[in-house]
Participant: 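I have a structure here, written as structure tokens, and I will follow up with some questions on it.
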Protein chains: 2
Amino acid sequence: MPSRPKVIDIQRIKVACRSCTLHELCLPLGIDGEELERLDRIIRRRRPLERGEHLFRRGTPFRALYAVRSGAIKTYAVDEAGCEQVTGFHLPGELVGLDAIGEGVHPLSARALERTSVCEIPFDQLEPLTAEIPGLRRQLLRLMSREIASDESHFGVLGQKGAEGRLAAFLLSLSRRYAERGFSALEFRLAMSRTDIANYLGLAVETVSRIFTRFQSEGLLRTQRKLVRLLDPARLEAIAGEHAPASRCGRGA
Amino acid sequence: MPSRPKVIDIQRIKVACRSCTLHELCLPLGIDGEELERLDRIIRRRRPLERGEHLFRRGTPFRALYAVRSGAIKTYAVDEAGCEQVTGFHLPGELVGLDAIGEGVHPLSARALERTSVCEIPFDQLEPLTAEIPGLRRQLLRLMSREIASDESHFGVLGQKGAEGRLAAFLLSLSRRYAERGFSALEFRLAMSRTDIANYLGLAVETVSRIFTRFQSEGLLRTQRKLVRLLDPARLEAIAGEHAPASRCGRGA
DNA sequence: CGGCTGCTTGATTACGCTCAAGATTAGTGG
DNA sequence: CCACTAATCTTGAGCGTAATCAAGCAGCCG
């Protein structure tokens with residue numbers, strides 16, 4: 001396909017890892033010089049995904065990891081009944097597809113929540129490169145390990161918190177991640193729908209909507225449509241810390 | 001400590017990776033000959049943990065990964081209020097501690113559910129070894145990736161299933177894992193208490209107990225105390241597949 | 001402007017939690 | 001070996017949180 005080669009070239013230059021603002025969060029952390037160039041050379045930048053477009057679908061063969069550059073990706077599973085389960089939202093600097101290495105097939109589908117550009121990192125080239133670049137090897141392990149740790153902490157949210165605690169924890173998690181990326185921790189735009197949030201948190205849409213309203217009336221935050229402004233993060237933390245139901249805080253054997 | 005050096009030596013010989021029955025599930029998969037010996041040399045076998053004993057505690061520095069050899073380990077977090085959240089159960093052949101690589105500190109505590117022996121794999125020796133042994137490098141990535149994928153599928157259980165579906169899914173997951181290890185898929189001993197199961201599944205103990213009773217009265221299984229025999233795995237699959245509450249099966253953006 | 005999708009609000013229902021007590025089993029020491 | 005204590009598990013009754021059902025409302029697109 002000979003379509004707009006010039007534009008693509010410009011893009012390539014602009015997004016080289018060395019000049020990428022996400023450098024400190026992404027795979028290249030701790031790598032520079034000639035090693036960074038070697039990594040850079042295997043990375044492919046493709047045209048941005050439009051809102052709703054799939055990055056990959058469940059069941060397709062695993063070829064590459066993807067690093068989000070801008071925009072947002074949601075990953076989700078669809079069970080036999082056609083029911084969707086949202087498993088995560090991925091912001092710039094985060095990797096998508098790590099769960100597919102094990103079986104060589106994507107266990108989840110991934111689609112763009114808004115206009116989103118990603119870096120494609122072919123795994124058959126990345127993997128041998130980690131043998132030669134210690135910093136790269138360690139960073140890949142770190143990122144995978146953090147993914148596991150963050151999944152585990154989400155268990156706590158789904159297992160122990162009531163509806164208010166879940167939404168509070170979710171908003172604070174987004175806040176923290178936006179702050180890490182240099183955006184405001186207190187005001188941000190939700191890339192995902194309430195339906196997606198509800199699904200991710202294991203709640204009904206109506207419940208999420210009601211809690212937004214309640215939080216607003218209690219002066220914890222202000223929302224208008226997708227835009228959220230946190231007014232009292234400290235109290236949100238407190239609410240996120242409460243373990244609402246099912247908590248006979250005893251310990252087993 | 002000069003305690004029973006002979007016993008330890010015998011143990012060392014007996015559990016060498018090459019002769020370990022978990023070979024096919026554990027870290028050494030796909031490695032043999034001289035490479036396997038190199039891996040074997042860095043692995044340390046320590047005295048078995050007694051029931052209730054900690055393998056490590058939350059907040060302690062990360063030094064090593066652990067492979068369960070026999071017995072079972074539960075991992076859990078304790079929140080500010082002293083409330084426990086069980087995040088996983090680890091059977092023989094599974095690695096514990098993968099979530100600690102990222103920050104260099106264990107985010108969870110791990111304790112033995114019964115008499116348990118583990119292989120200790122010092123990470124500062126394992127990591128450089130992965131540079132030289134491609135099979136080892138790939139297997140470590142595979143195991144981490146599978147951990148992520150299995151955590152994601154647990155989201156589906158916590159988020160979409162009702163109480164019956166959660167317990168059914170849990171029992172089937174154990175069944176599958178026991179079968180992979182050469183044990184019976186239909187009859188096994190639960191190493192963990194009902195309290196731990198309930199906590200892991202985000203339910204109250206009473207609910208778990210009631211559902212065991214209900215399953216039994218419907219002829220799906222038989223339990224006596226810790227022992228479980230699955231009588232109708234097909235119907236359990238069906239129950240595990242139902243998405244009980246909060247499922248307006250719609251898809252978001 | 002109409003049709004659509006996404007969000008909000010209200011009324012009712014139900015699933016699973018809480019509280020309470022009894023039943024079994026395991027662990028301990030006389 | 002058995003009595004005693006302490007867990008763990010089971011069962012029952014009542015309640016509360018969040019789901020379901022049902023409309024109405026507000027942006028957004030063609």
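Below, read A as the first sequence line, B as the second, and so on, with proteins coming before strands; counting in each chain starts at 1.
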Participant: When the aromatic ring centroids of A/Y200 and A/H154 are compared, is their separation below 6.0 Å?
Facilitator: yes
Participant: Report the nucleotide, chosen from D/dC9, C/dT18, C/dG10, that has the shortest atom-to-atom distance to any side-chain atom of A/R210.
Facilitator: C/dG10
Participant: Give the nucleotide from the list C/dC7, C/dG16, C/dT18 with an atom nearest to the side chain of A/K226.
Facilitator: C/dC7
Participant: List in chain and number order the residues that pass ring-ring contact (aromatic ring centres under 6.0 Å, His included) with A/F212, two or more places apart in sequence or in another chain; answer none if no residue qualifies.
Facilitator: none
Participant: Could a donor-acceptor pair under 3.5 angstrom be found where the side chain of A/E206 meets the base of D/dC21?
Facilitator: yes
Participant: Do the side chains of B/E84 and B/K74 get close enough for a salt bridge, i.e. N-O under 4.0 angstrom?
Facilitator: yes
Participant: Within the side chain of A/Q216, is there an N or O that forms a donor-acceptor pair under 3.5 Å with the backbone of A/T223?
Facilitator: yes
Participant: Could you run through nucleotides 23-30 of chain D and give me one letter per nucleotide, 5' to 3': B if any protein heavy atom sits under 4.0 Å from the base, S if only the sugar-phosphate is that close, - if neither?
Facilitator: ----S---
Participant: Among C/dT9, C/dC17, C/dC7, which is the nearest nucleotide to the side chain of A/T195?
Facilitator: C/dC7
Participant: Salt bridge check: are A/E114 and A/R189 linked by an N-O gap of less than 4.0 Å?
Facilitator: yes
Participant: Which of the following nucleotides, D/dT10, D/dC9, C/dC7, is nearest to the side chain of B/S193?
Facilitator: D/dC9
Participant: Counting neighbours of CZ on B/R146 that are heavy atoms of other residues, nucleotides or ligands and sit closer than 6.0 Å, is the number greater than 12?
Facilitator: yes
Participant: Among the nucleotides D/dC9, D/dA18, C/dC7, which one has an atom lying closest to any side-chain atom of B/R194?
Facilitator: D/dC9
